[in-house]
Amino acid sequence: MYSRVLGTGSALPKRIVTNGEFAAMLARDGIETSDEWIRTRTGIESRHFADEAEGETTSSLAVAAARRALEAANVETSEIDLIIVATTTPDMVFPSVACRVQAALGARGCAAFDVQAVCAGFIYALNAADAMLRAGPYRAAIVIGAEVMSRVLDMKDRSTCVLFGDGAGAAVLGKGDGLVASHLMTKGDDDVITIPTRYDRSPWYKNEISEITSVHMNGRETYKFAVMAMSDNIKDLMASAGVAGEDVALVIPHQANYRIINEARRRIPDIAPEKFCINIDRYGNTSSASVPILLDEMNRAGKIHEGDLIILAAFGGGLSAGAMIIRW
Ligand code: ACO
């Protein structure tokens with residue numbers, strides 16, 4: 001592969017909603033849940049929710065994360081000629097979030113577009129940026145995962161609304177040989193996680209007033225796919241790239257459920273379990289933002305060193321999944 005990460009950034013909405021506060025909020029509508037259920041079944045303790053009145057949108061979070069990544073990379077906006085945003089909750093159907101980011105950063109004229117691969121989106125976007133840096137006249141790219149999942153939650157469905165949070169993460173890529181190997185996989189015939197609209201024949205669309213409804217998920221089926229996709233993809237990728245478990249410094253897995261990460265790492269005994277990073281307790285599932293937020297946290301905490309091999313792995317609606325090995 002052809003590019004390397006020069007810097008990372010992330011941004012979270014100000015408002016933190018703890019499980020206790022969430023349970024009290026749902027109780028007002030007669031929906032029962034508890035801090036204990038959410039913590040023990042998912043590992044989540046709190047999440048951040050965007051406040052539209054405060055101007056917190058998918059684009060504003062994406063812009064804030066991108067600015068931090070540019071600063072960390074010591075790269076000027078004028079050097080950026082490609083912006084790719086992975087999102088499943090864009091502010092508008094069009095223009096894309098990437099267009100908004102381009103305008104806010106003042107990166108006039110550069111290529112900018114969104115990628116929709118739900119929670120695996122950031123890894124798909126990194127692959128696209130890497131291929132474009134290799135093939136085209138591009139010098140540097142910003143790749144972002146940004147979501148306001150709170151906008152698409154059904155607060156009467158306790159089996160989904162407690163799982164998600166909002167946020168954004170970003171990486172600046174430049175030319176180099178940092179992305180070692182990747183594997184993308186899509187299983188497009190499985191509608192176990194959807195956000196239906198009135199325009200398809202989805203059995204989940206229930207004549208709701210809005211054109212777009214909310215997250216519908218078969219949790220058990222998603223769980224099975226998630227564990228399989230995460231563990232098989234990482235093992236296959238390591239085998240094809242000739243990377244041994246002891247060579248891996250950290251694994252940055254998508255944060256959907258602590259139990260999924262736990263089961264996946266049990267199935268990859270070659271990598272020491274403590275190398276799997278976790279922050280789901282504070283953010284919940286931020287979909288395409290989850291991998292870059294965690295990557296940025298680990299980077300800023302000084303846990304990633306030059307030359308380290310890092311594995312990114314994610315899965316989500318589609319069903320789609322991806323894994324990637326990066327040399328820092
Ligand atoms: N509070 C209290 N009880 C609840 C809640 C809640 N928030 N949600 C469900 N329950 C109840 C159920 O009604 C059920 O009760 P019953 O036995 O009386 O019917 C009981 O808890 C057990 O429900 P299960 O669905 O069996 O719970 P499980 O242990 O499987 O956990 C979960 C559910 C957390 C959704 C799990 O299946 C999971 O994590 N699945 C994967 C989700 C995922 O990875 N999503 C990522 C993709 S998202 C994307 O791509 C956008």
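In each ligand, atom 1 is the first atom listed, and ligand 1 is the first ligand listed. Each residue takes its place number in the sequence, starting with 1. Because the structure is predicted, anything quoted here is derived from the model rather than measured.
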TODO: Please state which part of I193 comes within less than 4.0 Å of ligand 1, counting heavy atoms only: side chain, backbone, both or neither.
DONE: side chain
TODO: Please write down residue, atom name and distance for the protein heavy atom closest to atom 49 (C) of ligand 1.
DONE: C119 SG, 3.1 Å
TODO: Could you list which atoms of ligand 1 come closer than 4.0 Å to a heavy atom of I260?
DONE: 41 (C), 44 (O)
Task: Option passing salt bridge (charged side-chain N to carboxylate O under 4.0 Å, His left out) with E297 (candidates K303, R68, R282) - done: R282
Open item on the list: Can you name the atoms of ligand 1, numbered from 1 with element, that are less than 4.0 Å from a heavy atom of V162?
Closed with: 7 (N)
Open item on the list: In the structure I gave you, are the side-chain heavy atoms of I326 and L312 within less than 4.5 Å of one another anywhere?
Closed with: yes
- [ ] State, yes or no, whether a side-chain contact exists between R41 and V162 at a heavy-atom distance under 4.5 Å.
- [x] no
Task: For atom 22 (C) of ligand 1, closest protein heavy-atom neighbour - done: R41 NH1, 3.6 Å
Task: N127 (side chain) donor-acceptor with I123 (main chain) under 3.5 angstrom - done: yes
TODO: Return the residue, atom name and 0.1 Å-rounded distance of the protein heavy atom closest to atom 31 (O) of ligand 1.
DONE: R259 NH2, 3.3 Å
TODO: Give the numbers and elements of all ligand 1 atoms closer than 4.0 Å to a heavy atom of N285.
DONE: 46 (C), 48 (S)
- [ ] May I ask you to decide if the ring planes of H48 and Y283 are parallel, tilted or perpendicular, using 30° and 60° as cut-offs?
- [x] tilted
- [ ] Check each atom of ligand 1 against the heavy atoms of V118 and keep those under 4.0 Å away; list them by number with element.
- [x] 49 (C), 50 (O), 51 (C)
Task: Donor-acceptor contact present, side-chain D81 to main-chain A140, <3.5 Å - done: yes
TODO: Considering only non-hydrogen protein atoms, determine which one is nearest to atom 15 (O) of ligand 1 and report residue, atom name and distance to 0.1 Å.
DONE: R158 NH2, 4.3 Å
- [ ] Within a distance under 4.0 Å of any heavy atom of F164, pick out the atoms of ligand 1 and give their elements.
- [x] 48 (S), 51 (C)
Open item on the list: If we set the cut-off at 4.0 Å for heavy atoms, which region of A256 has an atom near ligand 1: side chain, backbone, both, or neither?
Closed with: side chain
Task: D177 side chain to Y2 backbone, donor-acceptor under 3.5 Å - done: no
Task: G316: numbered ligand 1 atoms lying under 4.0 Å from its heavy atoms - done: 50 (O)
Task: Nearest-option assignment for atom 33 (C) of ligand 1, heavy atoms, candidates W37, Y223, F315 - done: W37
Open item on the list: Any nitrogen or oxygen of G219, side chain or backbone, less than 3.5 Å from one on ligand 1?
Closed with: yes
Task: Protein contact of atom 45 (N) of ligand 1 - nearest heavy atom, named by residue and atom, plus distance - done: M217 SD, 3.4 Å
Open item on the list: Please report the interatomic distance CG(D232) to CZ(R267), rounded to the nearest 0.5 Å.
Closed with: 7.5 Å
- [ ] Say whether, by atom type as modelled, one donor and one acceptor occur between the side chain of D91 and the main chain of T58 under 3.5 angstrom.
- [x] yes
- [ ] Determine, counting only non-hydrogen atoms of the protein, whether one lies under 4.0 angstrom from atom 8 (N) of ligand 1.
- [x] yes
Task: Residue and atom name of the nearest protein heavy atom (relative to atom 6 (C) of ligand 1), distance in Å to one decimal - done: T33 OG1, 3.2 Å
Open item on the list: Tell me whether T222 has any N or O atom under 3.5 angstrom from an N or O of ligand 1.
Closed with: no
Task: E263 (side chain) donor-acceptor with R265 (main chain) under 3.5 angstrom - done: no
Open item on the list: Strictly distance-based, threshold 3.5 Å: is any side-chain N or O of R327 a donor or acceptor partner for the main-chain N or O of L309?
Closed with: no
- [ ] List the closest protein heavy-atom neighbour of atom 26 (O) of ligand 1: residue, atom name, distance to the nearest 0.1 Å.
- [x] R220 NH2, 2.5 Å
Task: Closest protein heavy atom to atom 34 (C) of ligand 1, given as residue, atom name and distance to 0.1 Å - done: N257 ND2, 3.5 Å
Task: Test item: K275 side-chain N/O and I310 main-chain N/O as donor-acceptor pair under 3.5 Å - done: no
